[in-house]
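Structure first, then comments.
Values below: all heavy atoms of this structure, side chains included; hydrogens, waters and symmetry mates excluded. Atoms within a ligand are numbered from 1 in the order they appear, just like the ligands themselves.
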Amino acid sequence: MSRFAEIRRDRHRIRDILAADEGREKVTVRGWTRTVRRGKEVTFVALNDGSCLGSLQVVLEPDLQDYEAVVRCGTGACLEVEGALVASPAAGQRWELYARQVRLLGVSDADYPLQKKRHSFEYLRSMTHLRPRANVFGAVFRVRSALSFAIHDFFRQRGFLHVHTPIITTNDCEGAGEMFRVTTLDAANPPLLEGAIDWRRDFFGSRTGLTVSGQLQGELFSGAFADIYSFGPTFRAENSNTSRHAAEFWMIEPEMAFADLAEDCALAEDFLRTLVTFALQECGEDLAFFNERIEPGLLGKLEALARAEFQVMTYSEAIHRLERAGRSFEFPVAWGADLQSEHERYLTEEVVGGPLFVTDYPSGIKAFYMRQNDDGKTVAAMDLLVPRVGEIIGGSQREERLDVLQQKMTRCGIDPQSLCWYLDSRRWGSCPHAGFGLGFERLLMYLTGMENIRDVIPFPRTPGQARF
Ligand code: 4AD
Ligand code: MG
């Protein structure tokens, strides 16, 4: 046994204890009190250690040493309890812990902000530092952790290489001008050259920012390892205060050499279905909680997705459907305009009633790297739309032809010299390749039914908000 295992031998997680087959003479747990109810003869404490949604009922008799102090603290205190695990006479729970010893490790008092059983999400956002101790956030962050593991496992099983793409970069991959600047220059007194800031004198000798996507570097790795993926933090200075956008979020970006758009869609479908199936199998208790409290019908929706054939529709067909929707949208529908969230939701929720790939968008509304289709007007792009969330994945086949790519960059106003290293991948050993990006928080919103992206990321960063 390792030294660590030995130290931990007598420490139990509440999740394992609640699942015990039989009572136990000696059990030690540590956790935080969720409720403290003083009865006539004994006090009942609901103790939670984050290992599962359920709390363990602890029974305290008044002659225990820290008894008075624990009762005085109430909710939010930290305890260590040693005692016997016995069948509980109370309804709704199998076990309770009859304490022989209780130690108050950390006090609490009536000012502890999470006193009520239910607080609004808005209130809990103002308590970002404490909200992991609320039931709903316990469930969210357990699902988040489990899914993170499942994602790495999905790619490992399929032979994809995991690559860490850089966080600081000079390129704005998506070309949307949403990069956060990274600089060590003195903002009040920057070095100037002919009236403009002289970025050559900045830390990296050029203008740099936080990555908006690891794709371009991911493509370079796919040109050596064929199948790769990255899973990292992504930053966008998008000043849109919506429930689906964060300034810092996590994106999973696979890239496959020797693949076209159809193969890209097939991977995305396999990926999403596998993750949903994993969540249903491994996060059952938490999903049941979301099903009951957050999104009625959630479990049915996820089970249906795990079985569903994903529908595919071209952008042109989607526009046609929207024009014939027989309803007015806030944003106009016209070939050449980007789909807005209301359009995406109409298509996935009302036209197909499930996941939908929209493909072959007009080249004018998509990034420079997407492969030009033979019609000269559209690119081999795909977005995967799902009910409630809208776009969850964006991807494409990449333009692998050097001359076409160079022309495209010039048309988009990108200096080919600034991306000469990217163009080199088309100069030597270029091949058809494709990939996509899944927004991890969008996936979690879909899996949990949580409606605001701020509530599925531990410490949200949005316009005006980077506290905690
Ligand atoms: O569609 P996007 O912008 O695609 C890319 O960045 C490509 N370079 C990906 C690739 O092909 N490798 O972003 C991909 C996904 C979106 O579908 C969405 O789920 C998520 O990232 N996303 C955001 N999530 C939260 N907050 C934001 N501000 C997001 N912007 C995009
Ligand atoms: Mg997109």
Side-chain angles (χ1 to χ4, degrees), residues 151 155 160 163 165 169 171-180 210-222 227-256 259 261 263-265 267-268 271-272 275 315 338-341 343-344 348 355-359 361-362 365-371 379-386 388-399 422 433-447 450-457 460-463 465:
I151 286 164
F155 288 115
F160 282 60
V163 52
T165 50
T169 176
N171 78 271
D172 177 359
C173 172
E174 297 304 302
E178 289 166 348
M179 261 174 116
F180 285 101
L210 298 177
T211 183
V212 298
S213 163
Q215 179 195 320
L216 301 191
Q217 289 93 351
E219 283 186 54
L220 301 180
F221 264 59
S222 97
D227 295 334
I228 65 97
Y229 74 103
S230 65
F231 183 174
T234 309
F235 308 88
R236 294 195 186 173
E238 212 169 350
N239 206 353
S240 55
N241 235 318
T242 80
S243 58
R244 307 178 318 134
H245 290 89
E248 178 178 298
F249 61 100
W250 287 67
M251 185 152 57
I252 300 102
E253 295 184 274
E255 193 71 35
M256 296 179 288
L261 188 67
E263 190 167 338
D264 203 30
C265 291
L267 176 71
F271 189 38
L272 190 59
L275 296 180
Y315 167 90
D338 209 356
L339 297 182
Q340 300 296 323
S341 171
H343 306 138
E344 294 175 345
T348 177
L356 170 68
F357 286 110
V358 177
T359 65
Y361 284 77
I365 54 172
K366 289 291 187 188
F368 76 94
Y369 52 71
M370 297 192 182
R371 191 177 199 279
V379 286
M382 63 93 155
D383 275 3
L384 178 60
L385 314 179
V386 292
R388 277 171 82 110
V389 176
E391 179 192 338
I392 191 167
I393 283 177
S396 67
Q397 186 173 337
R398 321 304 190 187
E399 185 54 75
Y422 182 67
H433 60 292
F436 63 79
L438 166 71
F440 190 38
E441 286 73 22
R442 301 260 176 102
L443 170 73
L444 291 168
M445 290 169 74
Y446 183 73
L447 289 176
M450 298 295 282
E451 287 188 338
N452 197 310
I453 196 165
R454 293 166 181 79
D455 298 333
V456 294
I457 190 162
R461 269 85 181 98
T462 50
Q465 181 57 266

contact_flag E441 ligand 1 heavy-atom lt 4.0 Å: no
Is ligand 1 under 4.0 Å from a heavy atom in the side chain of E255, in the backbone, in both, or in neither?
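For E255, no heavy atom sits under 4.0 Å from ligand 1.
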Honestly, for I453 the part within reach of ligand 1 (heavy atoms, under 4.0 Å) is side chain
Ligand-side contact atoms (ligand 1) for residue partner [X], heavy atom cut-off under 4.0 Å:
X    : value
S213 : 6 (O), 8 (N)
E238 : 28 (N)
Y369 : 7 (C), 8 (N)
R398 : 10 (C), 11 (O), 12 (N)
E253 : 7 (C), 8 (N), 9 (C), 10 (C), 12 (N)

So which heavy atom in the protein is nearest atom 17 (O) of ligand 1, and how far is it from that ligand atom?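 Protein heavy atom at minimum distance: E391 OE2, 2.6 Å.
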Side chain to side chain contact (heavy atoms under 4.5 Å, CB included) test vs M179 passes for just one of T211, T169, L210, namely T169
Problem - Atom of E391 nearest the Mg ion (ligand 2) (restricted to N/O/S, atom name only) - result: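 Per the distance ranking, E391 contributes OE2 as its closest N/O/S atom to the Mg ion (ligand 2).
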Could you name the option among F235, F249, Y446 that has the heavy atom nearest to atom 24 (N) of ligand 1?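 Closest candidate by heavy-atom distance is F249.
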